[in-house]
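Below you'll find the structure, written out as structure tokens, and then a few comments.
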Amino acid sequence: MMLSRPKPGESEVDLLRFQSQFLEAGAAPAVQLVKGSRRRGDAHPDQLPPQDHRDVVMLDSLPDLPPALLPAPSKRARPSPGRPLPHDEDPEERLNRHDEHITAVLSKIVERDTSSVTVTLPVPSGVAFPPVFHRSQERQVKPAASSKRSIFAQEIAARRVSDNRAPSAEQVVPSPDAPEGAVPCETPSSKDRGSQLPGRSHSFHRPNLITGKGLRSQAAVQEVQTIHEENVARLQAMDPEEILKEQQQLLAQLDPSLVAFLRAHNHTREQTETKATKEQNPERPSVPVSKEEPIMSTCTGESGTRDKLEDKLEDKLQPRTPALKLPMTPNKEWLHMDTVELEKLHWTQDLPPLRRQQTQERMQARFSLQGELLEPDVDLPTHLGLHHHGEEAERAGYSLQELFHLTRSQVSQQRALALHVLSHIVGRAQAGEFGDRLVGSVLRLLLDAGFLFLLRFSLDDRIDSVIAAAVRALRALLVAPGDEELLDSTFSWYHGASVFPMMPSHDDKEDEDEDEELTKEKVNRKTPEEGSRPPPDLARHDVIKGLLATNLLPRFRYVLEVTCPGPSVVLDILAVLIRLARHSLESAMRVLECPRLMETIVREFLPTSWSPIGVGPAPSLYKVPCAAAMKLLRVLASAGRNIAARLLSSFDVRSRLCRFIAEAPRDLALPFEEAEILTTEAFRLWAVAASYGQGGDLYRELYPVLMRALQTLPPELSTHPLQPLSMQRMASLLTLLTQLTLAASTQPEATSGSVESCVVAIPSSITWTHVSGLKPLVEPCLKQTLKFLRRPDVWNALGPVPSACLLFLGAYYQTWSQQSGLCPEDWLQDMERFLDEFLLPLLSQPPLGRMWDSLRDCSPLCNPLSCASTPEALPSLVSLGCAGGCPPLSVAGSASPFPFLTALLSLINTLGQIHKGLCRQLAVVLTAPGLQNYFLQCVAPAPAPQLTPFSAWALRHEYHLQYLVLSLAQKAATSQPEPAASTALHHVMALVLLSRLLPGSEFLAHELLLSCVFRLGFLPENASGGPEAADFSDGLSLGNSGDPHCRRGALLVQACQDLPSIRSCYLAHCSPARASLLTSQALYRGELPRVSSLLLPVPKEPLLPTDWPFQPLIHLYHRASDTPSGLPAADTVGITMRVLQWVLVLESWRPEALWAVPPAARLARLMCVYLVDSELFRETPIQRLVAALLARLCQPQVLPNLKLDCPLPGLTSFPDLYASFLDHFEAVSFGDHLFGALVLLPLQRRFSVTLRLALFGEHVGVLRALGLPLAQLPVPLECYTEPAEDSLALLQLYFRALVTGALHARWCPVLYTVAVAHVNSFVFCQDPKSSDEVKAARRSMLQKVWLLADKDLRQHLLHYKLPNSSLPEGFELYPQLPRLRQQYLQTLPTEVLQNGGFKT
């Protein structure tokens, strides 16, 4: 059948029809296409693929439209012609058949069939252990051809054979008669015998140093052999004496290091030849060389004795070293002991004797495996494992450097051991065990050496034991012992839940912005400067920031989620996370935002259902409630209200709280201690959430549970002994009820017009009806606790329970009084009942008086050393330093009266604020002798405690007590017509406290400014003759009455009348920032919806400086410096006058308030009055006030304390300020006497000469206007003239000013007298110790004085006697020159005396 070809014009349908016909006919194609296989070779043309299965296009299955070609269909690989793809084979089975991966190899392992293998039992022997196998046995059995040597050894042997360097087997003649222990030697060949010196044992059969390496390959061997033969011939021609002489000459000329190298090279070559010889002769066993047996030579050619000269030459070439005393004899036949290197066997020797320290030289610290510091001379046995180190091998223990080196070991056990030892060392250092036994700080040394990042790298280890050791060491470093216990035990104190961030307080380059509304974007977005700083740089300033920059949190998440470590590791990680959360709000947000970290912790360690846990350590903490996890949630919630809201909503913490609170601790199927702590932390977490006004819906659900728990408190308090954990749980429950009660108070209205003033108030879900029934249940608890007041041991065991009861009652009465729909008579009568039943009996008890007496013993202010930082305290790693717990007589000790007295004062203030009629009865507290003695010691002049993390925490609680006492005193002063006897003491205490309050107490500072500080009732001197007494004192000291309006008494009376204006001035300039004030106000007033965080600001410094009375004046000075056009006159005069009035009141009646401000600083502030404005000092009130304050500074008891050379607070340089003061005086003073008195005051002789040089050298024009009379000089004239001036430059300036007329008695009498006195003393001084330069200057100045044309000046300089401010000239003159001066003048040249006209 003939098939036609397609023709032009035919469609695709025709082509498909032709294809069907062709296939049906089965004819062979006209063209055959053959592809060659690239992998299996070219296929033969006859081997065609089968044609049975072909793709046939069916017309019925085609669509009406052609398919779209975009995108193009994927290409399919066509099978090779020789290997068609079977259609019935499973692709997965085919892939498995050809898979060569290691997993496929391991899956095909088939156990070998051993059913037909004959099993033979071991042959019994008479020894306990099989004999040790030695290679020498193998060499004796196997011939040399079959001995297996390393490739390197075979190559060396083959090279030596080819070079004809190794002797043949026939040349080695063993001696059958050789004694035991002898060493066989080789017989030299005929050629070597020719190169051997006669009568000597040294053979030179080849060169040792010359190898011909640099020559061409063809001539190298011949040239080297020629040189060698010439050397041998020359040596044979020389006598032994000549050889020795030449050798000594060479040794003297060559470098000793080169000689040592050549000897070592020769020794190494001999050892290599010996080894090769043994390998070439394995049939003859080698005899071990013992150090006791002599080495005997058995060579036939060297049986004679050696020459004495040759022995001397051998001794010089090879100096002998003392033999090592090894515990065993090394055998060359042992494994890897072919070459015995004795220097590497030193470690097998006995330890050298311990050297006793004879001097005070410092030695390297060494620690035991438990981290204990070992004494340098302690002798410990070696089996303790403390001597495995190279340096100071005789000393036990390991140094920090050796431990660091061990952490890099390849053996995981060694790495874990090193980390464990380092963690013990850090823990003991944190506990203060090393004390002053070490020089410097161990922690600082470790951090400088990179210990922090060593731990971080160890966390990435693959071995669980290393990870566990690294986590334990990290906890020991970050979590100081005692810190968490202190913060937990004081949680129920007065504002004890609010704590300072545990972050460094020093100023860093980056801004520490702790905004309470910190968003997620702001947390995740680092500043460019912080993002560019590497972690080591961050860790140098802040360890926590440096750690967080290393992705520590994701690693912790991986360890907890994937590796599932043991209980100790889990607890260590949770402790570290708690420490990170306490660092700052930013760190807490990063812990919360770490992916899956908090989800894992809540899911694994806070489950709602678990299997009962028996007594004893649990094998795993997973799926078991953990109190540390609940505490982590509580610390995170304390960082901010947003975090607390997210924990309650996103992590289902509400159901966890219900689960752990609904049941009593004994019913939780957990160990009793863990159940108590877990319930306590649940109460605390709920209390923190309630502090933000959250969690109110839980109160309605758990109301029966809370009521049942309250009812069980009195019976539990009556059982003995009291359990500390149970006391903490009770106190936490009462704290929770306190916050819930505050949440039921009426919400205050928002301040309009201020964005940051408040948060949008959300109505609380708790109302007064929900909490009104709590007080009847709490009062029995308080009554039960007060019964133990007379038993100190039981009272101390109660812990914070009594304080928590009092704080709850205070919050209850505060909330009750804010209910607008209730009758005020109800709560007023209830307060009176409570006063009669509880408070008055309590206030009359003697134990309460003993509490007031113990305030001084427990006060950080009265005992500054109790707050001193520990030697291991680091500025980059904040810790409270409470290792070992607090002493009983401390602010946080078990016998501390601060928590109970503070809570009592808080309740009394609340009652007095609501019921004014109770103030007089409650004021009996202020009359306690212990309280007054405590205040007297607090206001005494003493250095303030150093501001450390612990001191900031402790002082905050102490300031709470002081403020509450002052607040009660203010309420009592309002209700009493006559001031109390302690009113002045309370006012001084308020002034001192105002300058000590720390950040976070802005509301307290503002309240003090409003109430106590500027209250006229706290200045009883105004009504009891204080102004008159001031005038009388000034009259006695100054000796003149002056203008009655300028007297200090009149100024004080006017200042008391202007106290409201003075208070307004200071409120405008000394009040804290509005945002900080509102935040603090919400916290102290209990306005829960406005509380943004329980983290206080970083306590870098007190809120107000110590010189806060001058603060408005300093603000004026800075404004004037920044405003060239000047300030408004009305504001300037008013502010300056109010400041000077208040400072005068303090100087006169409250000098204790200014003890912290040195007199020099007060003088600098007075000088700022003149620098503020050019016309301000002309105002009459300003002049009177400045004159009164200057007189106070110039008092005899104050003047010695005026020191201008020491650093002054708030002032960089007093000389610079004085230079500006001189410029201002020269420009605007117009000879003002008061202005001039301030200029003259720093020019006293005891002050720096720089100030006098500035006046006489750069501001000589000031002398023309400095016309202050001698009678108005505020200090004695002798302060300027005595002692004699010793500055030659200043004396020359004095003399020049006098001679040129710049300094004259008419316009500058004070300095004229000063200059005359010092020049006269200088020119007539006859000190033999003076230098030649001074003597020449003195003689030249005396000649010039003698030749002066001004007779009056010459007479003053020559006849000066003594200063006398009562005389018009200011000094006394000799009527005639004394004889000594006449004799001294006669030493001048004759022509000088003749020209001067010598007269007496």
Side-chain angles (χ1 to χ4, degrees), residues 939-944 988 992 1029-1030 1032-1040 1048 1106-1107 1109-1110 1140 1143-1169 1185-1211 1213-1215 1217-1218 1221 1234 1236-1255 1268 1270-1287 1290 1310-1311 1313-1314 1317-1318 1321 1362-1366 1370-1371:
V939 300
V988 177
V992 174
F1032 182 74
S1033 175
D1034 292 345
L1036 291 178
S1037 60
L1038 300 179
N1040 54 359
R1048 186 159 56 102
T1106 55
D1107 60 342
F1110 298 93
L1140 296 179
V1143 173
L1144 181 61
V1145 170
L1146 298 180
E1147 287 274 10
S1148 303
W1149 294 336
R1150 300 290 180 266
E1152 302 90 347
L1154 295 177
W1155 274 340
V1157 185
R1162 302 181 218 170
L1163 175 63
R1165 271 58 172 178
L1166 284 182
M1167 295 169 65
C1168 291
V1169 175
L1185 291 168
V1186 171
L1189 291 173
L1190 182 61
R1192 300 294 298 174
L1193 283 176
C1194 297
Q1195 288 181 336
Q1197 63 270 23
V1198 180
L1199 196 60
N1201 297 325
L1202 184 64
K1203 301 176 182 180
L1204 304 179
D1205 301 333
C1206 60
L1208 301 178
L1211 193 64
S1213 173
F1214 186 83
L1217 177 65
Y1218 187 69
F1221 196 69
L1234 185 59
L1238 286 172
V1239 172
L1240 290 173
L1241 191 60
L1243 298 179
Q1244 300 178 48
R1245 175 64 183 86
R1246 62 190 181 93
F1247 296 142
S1248 174
V1249 69
T1250 306
L1251 304 176
R1252 299 189 290 278
L1253 288 174
L1255 176 60
L1268 179 70
L1270 290 169
Q1272 298 183 16
L1273 188 65
V1275 295
L1277 187 59
E1278 288 77 11
C1279 295
Y1280 297 89
T1281 59
E1282 296 176 1
E1285 185 62 61
D1286 56 358
S1287 174
L1290 181 59
V1310 176
L1311 292 184
T1313 303
V1314 172
H1318 286 300
S1321 175
L1362 291 173
N1364 191 347
S1365 58
S1366 61
F1371 50 86

Which heavy atom of Ala1164 sits nearest a heavy atom of Leu1211, and at what distance?
-> CB-CD2, 4.0 Å
Is there side-chain contact between Gln1244 and Leu1199, with at least one heavy-atom pair below 4.5 Å?
-> yes
Test item: His1318 side-chain N/O and Glu1285 main-chain N/O as donor-acceptor pair under 3.5 Å = yes
Sub-4.5 Å side-chain heavy-atom contact between Leu1240 and Tyr1280 | yes
Here the pair of heavy atoms bringing Leu1202 nearest to Phe1247 is O-CE2, 3.1 Å
Under a 4.5 Å cut-off applied to non-hydrogen side-chain atoms, are Thr1313 and Asn1364 in contact?
-> no
Quick one: closest heavy-atom pair of Ala1160 and Leu1208, and the distance?
-> CB-CD2, 3.5 Å
Val1239 versus Tyr1218: any side-chain heavy-atom pair under 4.5 Å?
-> yes
Does anything in residues 1153-1169 pair up under salt bridge (Lys or Arg N to Asp or Glu O under 4.0 Å), and if so which pairs, sequence neighbours excluded?
-> Asp1107-Arg1165, Glu1147-Arg1162
Quick one: are Leu1311 and Leu1255 in side-chain contact, heavy atoms under 4.5 Å?
-> yes
With a 4.5 Å limit on heavy-atom distance, are the side chains of Pro1158 and Asn1201 in contact?
-> no
Can you check side-chain contact (heavy atoms from CB on, under 4.5 Å) on Leu1190 and Leu1241, steps first, answer last?
-> CA-CA 10 Å; Leu1190 182 61; Leu1241 191 60; 3.8 Å; yes
Distance from Cys1279 atom SG to Leu1243 atom CG, nearest 0.5 Å?
-> 12.0 Å
Please name the pair of heavy atoms, one in Ala1030 and one in Arg1048, separated by the smallest distance, quoted to 0.1 Å.
-> O-NH2, 3.2 Å
Do the side chains of Leu1238 and Leu1163 get nearer than 4.5 Å, heavy atoms only?
-> yes
Heavy atoms of Pro1200 and Lys1203 approach each other most closely as O-CE, 4.1 Å
Does any N or O in the side chain of Ser1148 come within less than 3.5 Å of the main-chain N or O of Leu1144, such that one atom is a donor and the other an acceptor?
-> yes
Value rounded to 0.5 Å, distance of CG in Leu1146 from CD in Glu1152 = 10.0 Å
Smallest heavy-atom separation, Trp1155 atom then Pro941 atom, equals CZ3-CD, 2.9 Å
When rounded to the nearest 0.5 Å, the distance separating OG of Ser1366 from CG of Leu1270 is 9.5 Å
Which is it for Leu1166 and Leu1193 under the side-chain contact (heavy atoms from CB on, under 4.5 Å) test, yes or no, and what are the steps along the way?
-> CA-CA 10 Å; Leu1166 284 182; Leu1193 283 176; 3.8 Å; yes
Are any of the side-chain heavy atoms of Phe1214 and Pro1242 separated by less than 4.5 Å?
-> yes
Does a donor on one side chain sit under 3.5 Å from an acceptor on the other, for Thr1281 and Arg1245?
-> no
In Å, rounded to the nearest 0.5 Å, how long is the span from OG of Ser1365 to CG of Leu1273?
-> 8.0 Å
